[in-house]
Amino acid sequence: MAQATRVFCRNFSSSSSRFGNIKHVTVIGAGLMGAGIAQVAASTGHQVVIVDQTDDILSKSKATIEKSLQRVAGETFIAEVMGRLTIKTDAAAAVKNTDLVIEAIVENLEVKKKLFSSLDKAAPKHTIFTSNTSSIPIKDIAVATQRQDRFGGLHFFNPVPIMKLLEVIRIPATSDETFDKLLGFGKAMDKSTVNCKDTPGFIVNRLLVPYMMEAIRMVERGEASPQDVDTAMKLGAGYPMGPFELTDYVGLDTCKFIIDGWHKKYPDNPLFMPSPLLDKLVSEGKLGNKTGEGFYKQKK
Ligand SMILES: CCCCCCC[C@H](O)CC(=O)SCCNC(=O)CCNC(=O)[C@H](O)C(C)(C)COP(=O)([O-])OP(=O)([O-])OC[C@H]1O[C@@H](n2cnc3c(N)ncnc32)[C@H](O)[C@@H]1OP(=O)([O-])[O-]
Ligand SMILES: NC(=O)c1ccc[n+]([C@@H]2O[C@H](COP(=O)([O-])OP(=O)(O)OC[C@H]3O[C@@H](n4cnc5c(N)ncnc54)[C@H](O)[C@@H]3O)[C@@H](O)[C@H]2O)c1
């Protein structure tokens with residue numbers, strides 16, 4: 001078993017002191033990222049509530065988590081982890097007793113602000129709020145609350161159970177105490193943390209997004225096929241996935257939300273120009289692995 005998965009299967013007891021003050025976590029959004037974050041939080045001994053809009057989405061998300069655990073863990077461990085996970089559709093009720101909120105809903109500023117504004121009224125005073133946004137400034141989300149000193153960013157990477165990195169982002173208002181707790185939580189989740197300022201794309205996406213967009217533009221210009229670009233980057237640059245495989249894996253809708261948001265904010269930056277090809281595929285509902293087709297048709 002690979003090193004990453006060995007770490008992931010280690011057994012954690014929820015009474016362990018490794019948690020600091022964060023024992024109860026609420027993950028809002030049970031999609032690709034929310035499911036992975038909830039899985040790792042529960043696997044590392046935290047009590048976790050996952051929130052989404054419907055019971056159907058939540059049941060599918062729980063099934064995804066169980067399937068992911070089956071790739072790396074045995075029956076007893078899986079039962080323990082699943083026992084620490086509960087699901088709810090009422091976000092305000094879910095945060096009543098929570099230490100940390102991790103938001104992983106759609107990449108849309110207004111939707112995120114509306115959510116945090118309602119959570120601010122429902123959550124206890126000590127609760128720390130975080131967003132897993134890929135591209136939206138954390139401070140623009142935090143203004144929806146009265147707890148900007150207890151607000152930060154936790155940017156996980158997909159697939160969350162495997163990717164070791166966690167970007168921990170502070171805004172000017174984030175208190176030292178909050179930031180230290182978020183770094184401690186990252187360690188408790190067995191992630192390697194890096195400290196980030198609230199700059200566009202933090203560290204990874206500031207470099208990754210222009211690279212992926214330029215790959216799409218190469219194909220638009222007719223310079224290479226997606227298959228050849230992917231082969232080139234895997235065999236020539238040692239990347240585990242080529243940029244088109246990765247776009248399908250991340251979700252074309254999420255990629256479009258990111259680039260459209262940055263283009264709106266920085267219209268003169270050529271690195272952040274939207275792509276007609278990406279727009280066309282999204283308008284056709286080709287969102288990547290989640291819909292069965294994006295740049296590639298996924299095998300059934
Ligand atoms: C245009 C704008 C775009 C911007 C995008 C930004 C998005 C975002 O903000 C940032 C990101 O996340 S960026 C994205 C960042 N992400 C990247 O860049 C990802 C790049 N890709 C990769 O690193 C690899 O292709 C994978 C690790 C995904 C799969 O690895 P592989 O070798 O091709 O395939 P394998 O052999 O199947 O699996 C290998 C091992 O992993 C295990 N496993 C896998 N999934 C699992 C799961 N869900 N659960 C549990 N376990 C899972 C599996 O069991 C196996 O374990 P074993 O013990 O060895 O048998
Ligand atoms: N996809 C990636 O690789 C990746 C990586 C890192 C960060 N992110 C970020 O994580 C966030 C989620 O991305 P994803 O890929 O998991 O998206 P996704 O589309 O897979 O899941 C989003 C989920 O949020 C739910 N949702 C939407 N509005 C909601 C609300 N008001 N209340 C509760 N649930 C709501 C949806 O029903 C859906 O299940 C985005 O901000 C994205 O930028 C994505």
Side-chain angles (χ1 to χ4, degrees), residues 1-9 26-37 39-40 43 50-54 56-58 60-61 64-73 88-92 94 102-116 118-119 131-136 141 153-167 201-217 234 239-262 272 274-275 278 287-291:
M1 189 185 287
Q3 176 67 20
T5 48
R6 234 181 285 127
V7 169
F8 163 76
C9 281
T26 302
V27 179
I28 312 212
L32 201 57
M33 294 306 288
I37 295 165
Q39 177 185 329
V40 177
S43 297
I50 322 176
V51 179
D52 209 301
Q53 293 163 317
T54 67
D56 187 43
I57 298 174
L58 286 162
K60 285 191 183 128
S61 186
T64 303
I65 293 173
E66 197 154 6
K67 218 166 134 198
S68 172
L69 285 165
Q70 280 161 359
R71 295 175 71 156
V72 289
K88 277 200 167 72
T89 50
D90 183 347
I102 305 174
E103 168 274 310
I105 67 169
V106 62
E107 187 73 343
N108 177 301
L109 175 60
E110 290 315 314
V111 182
K112 287 186 194 287
K113 276 171 73 176
K114 192 167 165 226
L115 172 73
F116 276 115
S118 72
L119 297 183
S131 174
N132 179 53
T133 178
S134 300
S135 63
I136 299 172
I141 310 173
L154 288 177
H155 185 222
F156 291 87
F157 293 83
N158 180 24
V160 183
I162 299 298
M163 303 303 281
K164 281 299 296 171
L165 185 68
L166 174 64
E167 291 182 329
F202 318 121
I203 297 174
V204 171
N205 283 348
R206 182 65 182 82
L207 299 171
L208 188 63
V209 173
Y211 152 73
M212 286 166 73
M213 291 307 298
E214 189 55 17
I216 298 173
R217 287 188 203 104
K234 285 190 286 188
Y239 285 26
M241 282 180 176
F244 292 95
E245 289 168 332
L246 190 56
T247 306
D248 276 3
Y249 195 64
V250 165
L252 273 63
D253 50 344
T254 299
C255 294
K256 180 170 160 53
F257 283 132
I258 295 170
I259 204 67
D260 287 354
W262 283 4
F272 303 157
S275 144
L278 182 65
L287 307 183
N289 296 12
K290 62 173 112 172
T291 57

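Just so you know, ligand 1 is whichever comes first in the structure, and atom 1 is the first atom listed for that ligand. All values below were derived from every heavy atom in this structure, side-chain atoms included, with hydrogens, water molecules and symmetry-related copies excluded. Numbering of residues begins at 1 and proceeds along the displayed sequence.
Of the polar atoms of Ser134, at least one N or O is found under 3.5 Å from an N or O of ligand 2, judged by distance alone. The shortest N or O to N or O distance between Met33 and ligand 2 is under 3.5 Å. Inclusion of Phe157 in the set of residues having an N or O under 3.5 Å from an N or O of ligand 2 is not warranted. Looking at ligand 2, you'll find an N or O of Lys112 within less than 3.5 Å of one of its N or O atoms. Among the atoms of Glu107, some N or O lies under 3.5 angstrom from an N or O of ligand 2. On a distance-only criterion, Asp253 and ligand 2 share no N/O pair closer than 3.5 Å. Residue-to-ligand polar distances place Val250 within reach of ligand 2: an N/O pair is separated by less than 3.5 Å.
Distance from atom 6 (C) of ligand 2 to its nearest protein heavy atom, with residue and atom name: Phe156 O, 3.2 Å. Among protein heavy atoms, atom 19 (O) of ligand 2 sits closest to Lys290 NZ, 3.4 Å. Protein heavy atom at the shortest distance from atom 21 (O) of ligand 2 is Gly31 CA, 3.3 Å. Regarding atom 28 (N) of ligand 2, its nearest protein heavy-atom neighbour is Gln53 NE2, 3.5 Å.
Ligand-side atoms of ligand 1 in range of Pro159: 28 (C), 48 (N), range being under 4.0 angstrom from any heavy atom. Under a 4.0 Å criterion applied to the non-hydrogen atoms of Phe157, ligand 1 contributes the atoms 10 (C), 11 (C), 12 (O). Numbered from 1 in the order shown, with element, the atoms of ligand 2 that lie under 4.0 Å from a heavy atom of Asn158 read 3 (O). With ligand atoms numbered from 1 in the order given, ligand 2 contributes 6 (C), 7 (C) to contacts under 4.0 Å with heavy atoms of His155. Heavy-atom proximity to Leu208, at under 4.0 Å, picks out these atoms of ligand 1: 13 (S). Against a heavy-atom cut-off of under 4.0 Å, Tyr249 is close to the following atoms of ligand 1: 28 (C). The atoms of ligand 1 that sit less than 4.0 Å from any heavy atom of Asn158 are 12 (O), 14 (C), 15 (C), 16 (N), 17 (C), 19 (C). Ligand 1 places these atoms under 4.0 Å from at least one heavy atom of Cys255: 1 (C), 2 (C), 3 (C). Close approach of ligand 1 to Met212 is summarised as follows: ligand atoms under 4.0 Å from at least one heavy atom of the residue are 1 (C), 3 (C). If you number the atoms of ligand 1 from 1 as listed, the ones under 4.0 Å from a heavy atom of Val209 come out as 2 (C), 4 (C).
Side-chain N or O atoms of Asn205 include one that pairs as donor or acceptor with a backbone N or O of Ser134 at under 3.5 Å.
In this structure, the side chains of Asp52 and Lys60 stay at 4.5 Å or more apart for every pair of heavy atoms. At least one side-chain heavy atom of Trp262 sits less than 4.5 Å from a side-chain heavy atom of Ser135. A heavy-atom distance below 4.5 Å is found between the side chains of Glu107 and Thr133. Counting heavy atoms from C-beta outward, Glu103 and Leu119 have side chains that stay 4.5 Å or more apart. Looking at Asn289 and Asp248, their side chains come closer than 4.5 Å, going by heavy atoms from C-beta outward.
Under the side-chain contact (heavy atoms from CB on, under 4.5 Å) test applied with Gln39, the options Thr64, Val27, Ile65 reduce to a single match, Ile65.
Within the structure, the closest approach of His155 to ligand 1 falls below 4.0 Å when heavy atoms are considered. Judged by the shortest distance from any of its heavy atoms, Glu103 lies outside the 4.0 Å radius around the atoms of ligand 2.
When Pro240, Ser134, Pro243 are ranked by how near their heavy atoms come to atom 22 (C) of ligand 1, first place goes to Pro240. Checking Pro159, Ala104, Gly34 against atom 22 (C) of ligand 2, the nearest heavy atom belongs to Ala104. When Glu167, Lys256, Met213 are ranked by how near their heavy atoms come to atom 1 (C) of ligand 1, first place goes to Met213. Compare Thr254, Asp52, Leu32, Leu58 by their heavy atoms: the one nearest to atom 25 (C) of ligand 2 is in Asp52. Of the candidates Thr133, Val106, Asn132, Ile105, it is Ile105 that places a heavy atom closest to atom 40 (C) of ligand 2.
Scored by the ring-ring contact (aromatic ring centres under 6.0 Å, His included) test, Phe156 finds no partners at all (sequence neighbours excluded). Residues satisfying the ring-ring contact (aromatic ring centres under 6.0 Å, His included) test with Phe244, not counting sequence neighbours, are Phe295.
Within the model, atoms OG of Ser61 and CG of Asp56 stand 11.0 Å from one another, a figure rounded to the nearest 0.5 Å. Rounded to the nearest 0.5 Å, atoms OH (Tyr211) and CD1 (Ile216) are 11.0 Å apart. In this structure, CD1 on Ile105 lies 14.0 Å from CE on Met33, to the nearest 0.5 angstrom. Once rounded to the nearest 0.5 Å, the distance linking OG1 of Thr254 with CD1 of Ile259 reads 13.0 Å. Note that CZ of Phe157 and CG of Asn132 are 8.5 Å apart. Values are rounded to the nearest 0.5 Å.
Proximity of Ser68 to ligand 1, defined as any heavy-atom pair under 4.0 Å, is shared by backbone and side chain alike. Contact annotation: for Leu278 versus ligand 1, there are no heavy atoms closer than 4.0 Å. No part of Tyr239 comes within 4.0 Å of ligand 1, judged by heavy-atom distances. Residue Lys114 does not touch ligand 2, judged by heavy-atom distances below 4.0 Å. At a heavy-atom cutoff of 4.0 Å, ligand 1 is contacted by no atom of Thr254, backbone or side chain. Looking at Ile57 against ligand 2, only its side chain comes within 4.0 Å, counting heavy atoms. With a 4.0 Å cut-off on non-hydrogen atoms, Ile162 touches ligand 1 through its side chain and not its backbone.
The environment of CZ in Arg206 is sparse: at most 12 heavy-atom neighbours from other residues, nucleotides or ligands sit within 6.0 Å.
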